[in-house]
There are 2 protein chains.
Amino acid sequence: MTAPSIGNLADLARIAGVSTSTVSRALADSPLISEKTRTRIAELAREHGFQLNQVARNLRLGRTQAIAVVLPLGDESAQHVSDPFIMTLLGFLADALTERGYDLLLTRIVPADDKWLDRLTISGRVDGVIVIGQSDQRAVLDRTAARYLPLVVWGEAGIGQKHCAIGTDNREGGRLATAHLLGLGRRRIAFLGNPAAPEIGARHAGYLAALAGAGVTAEPSLLLPLQLGSEAAFGLTRDFLAAHPDIDGIVAASDVAAMGAIRALSEAGRAVPEAVAVIGYDDVPFAAHTTPPLTTIRQDLGKGAELLVAALFERMAGTATPSVAFAPELVLRASA
Amino acid sequence: MTAPSIGNLADLARIAGVSTSTVSRALADSPLISEKTRTRIAELAREHGFQLNQVARNLRLGRTQAIAVVLPLGDESAQHVSDPFIMTLLGFLADALTERGYDLLLTRIVPADDKWLDRLTISGRVDGVIVIGQSDQRAVLDRTAARYLPLVVWGEAGIGQKHCAIGTDNREGGRLATAHLLGLGRRRIAFLGNPAAPEIGARHAGYLAALAGAGVTAEPSLLLPLQLGSEAAFGLTRDFLAAHPDIDGIVAASDVAAMGAIRALSEAGRAVPEAVAVIGYDDVPFAAHTTPPLTTIRQDLGKGAELLVAALFERMAGTATPSVAFAPELVLRASA
DNA sequence: GCGTTTTCTGCAATCGATTGCAAAATTGAT
DNA sequence: ATCAATTTTGCAATCGATTGCAGAAAACGC
């Protein structure tokens, strides 16, 4: 049986026959402590399985060593998001933060009022905040950003926006996707997604730009306004196909939406990609495993998480970092 | 412009012209404080946007009001899991904990030694721990559970196991899945998954039991030992089909695996479900959107999260709760 | 108006660490 | 052996809250 575990630093000090100051310094490798006592105390600590109380430590040091990651469940999101895209980003964030010795406090918020972010920032529970997705909360984000520096947001950097947003260049992504279909000779290309959401709006703008660039007139009727996070892509596409049997391409705003569309096409007897080419967005983990595997626009979330965390730490150190939009890339598989 | 925000309770006390005790009590709705001063102080607090420092509060109260949710990345898991199943459970856990006023500390751990769990439990950062998946860490879990009560694990309740595991009845799930295929008249049914992992082993046992019950002899060669979390289902199934063209059903250990198998079948020109019926496991969010939509065994993760959290809170209160395995259910869609 | 209850408020200790400053112990020089 | 210089240790304040106990104020009875 190993020695009983010790509650706090004072207990350990008593056992070692020294003051708490000495123990604290020894454990912190302070040069004020002789090598002899340092090793003796370190040995005792290990022996008794002692660890500092992080809460007390952080209180004294005026920090928390924790970062809040917020998933706001606003207009666009259903009650229970489990969007694989968001979850993948979350995983990368967890890694990036852990690597830097920070804890990740996961918070899902249904924004009832416009104070949810303030509550979080002044509660003293975290040293910084990462918000995943702007949802319909841009105003709240802007207001808080004016007063609270260590805040970064995954999303689209809009004009006149006050908060630091990091994400991929959605306009470019939409353009890439559409240009790819155009390059395949497709001309009647539908857009599946709701442009009201900031990111999707930008992708739609890219879609329009690509069409214009190829001399194809965009038809408003080829827009399928799918709620983000909704699972209605299948039904929406099925009904749409009845009215527009002549389309030959679909630019989907997410891989999940693309999957729904593919199923609708498949059930309507339209081959993918022969009859209708479908391109997704995100390149989520399962995109390579659908039938057929999805051609899609990849957002490198490993890189995204790195950028988010890097910007956040700069901000925690006092520098107001600018927004970033990095380039997405086309991933060729079989659906287009 | 609103009044400048106040740093701490003492500042607010100064402004109100009372002691910190009074402010603290007023904010806590203590009956020791007169209605008059209580409302006056509450008003001041709102006006100045004051909030208690939670770290200090929790230190004083000897708690953290936070729960660690651990994703151990052991043998079976790739470096970056983003298994939709786990992520869905995580979402529900976040809701269940938030509802009870607790924070969720997300921790991904690659178990390098056998002390990772001890480090977490004695760091004082959390009031309890939920581990998602036993991975290859059963020994560590058992050892810690002997000493640290507020610990619950999502997973299979094995015999002789010391820790509290909560999950679905995997044996029953495997049986259900297999029985369904048998009911469809299928006889040459393959199992796609690695029985070495506890949960999968149980599902495989159920598979064998169902075969035996129907008088079908199980063939060891019909086992496709897919690493859990791996993305190799496609390749594995494709190669397997070459050697075993005669199968007419596949019981997959996860929906993700089922997707890979369906693609392999599709590319081999075998229709699903006509030629080969495929049944998945989990019923993850996208299972309804594959082509064809997956027939699968549903694990109700909302219920699972509720059970995990309920057990954890009982344990935090001092009661050693037993392991629980609740029933999974068959979800009929189109793949089998 | 005065003593007694009852109601309110404040002092000071506490949670478990860190750290500036002063005191003690050690070392070295003479 | 004595004293100065240096190294090592400890006292006590601090981070921002909560709370037992005692004292002040208010309410009450006579």
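In this text, all values refer to a predicted model and were calculated from it rather than measured experimentally.
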Should the ring pair A:Phe85 and A:Trp154 be called parallel, tilted or perpendicular, given that the plane angle runs from 0 to 90° and is split at 30 and 60?
tilted
Side chains of [Y] and [X]: any donor to acceptor distance under 3.5 Å?
| X | Y | value |
| --- | --- | --- |
| B:Asp127 | B:Thr64 | yes |
| A:Thr168 | A:Gln299 | yes |
| A:Trp116 | A:Gln137 | yes |
| A:Ser24 | A:Ser21 | no |

Taking 4.0 angstrom as the limit, do A:Arg38 and A:Glu35 come out as a salt bridge?
yes
What distance separates A:Ile122 CD1 from A:Lys115 NZ, expressed to the nearest 0.5 Å?
10.0 Å
Where does the chain A footprint on DNA chain C start and end, counting 5' to 3' with a 4.0 Å heavy-atom cut-off?
C:dG16 to C:dC21
Once you apply a heavy-atom cut-off of 4.0 Å, does [X] come out as touching a base, just sugar-phosphate, or nothing?
| X | value |
| --- | --- |
| A:Leu59 | base |
| A:Ser34 | sugar-phosphate |
| B:Val55 | nothing |
| B:Ser30 | nothing |

Could you go through B:Gln51 and A:Arg119, starting from their C-alpha distance and side-chain angles, then the distance that decides it, and tell me whether this counts as side chain to side chain donor-acceptor pair (under 3.5 Å)?
CA-CA 8 Å; B:Gln51 257 207 251; A:Arg119 270 196 293 272; 5.7 Å; no
On DNA chain C, nearest-nucleotide positions of B:Arg60 versus B:Glu35: which is more 5'?
B:Glu35
Interface polar pairs with nucleotides 21-27 of chain D, N/O, under 3.5 angstrom:
none

Check if the side chain of A:Ser19 and the base of D:dC11 share a donor-acceptor pair of N or O atoms closer than 3.5 Å.
no
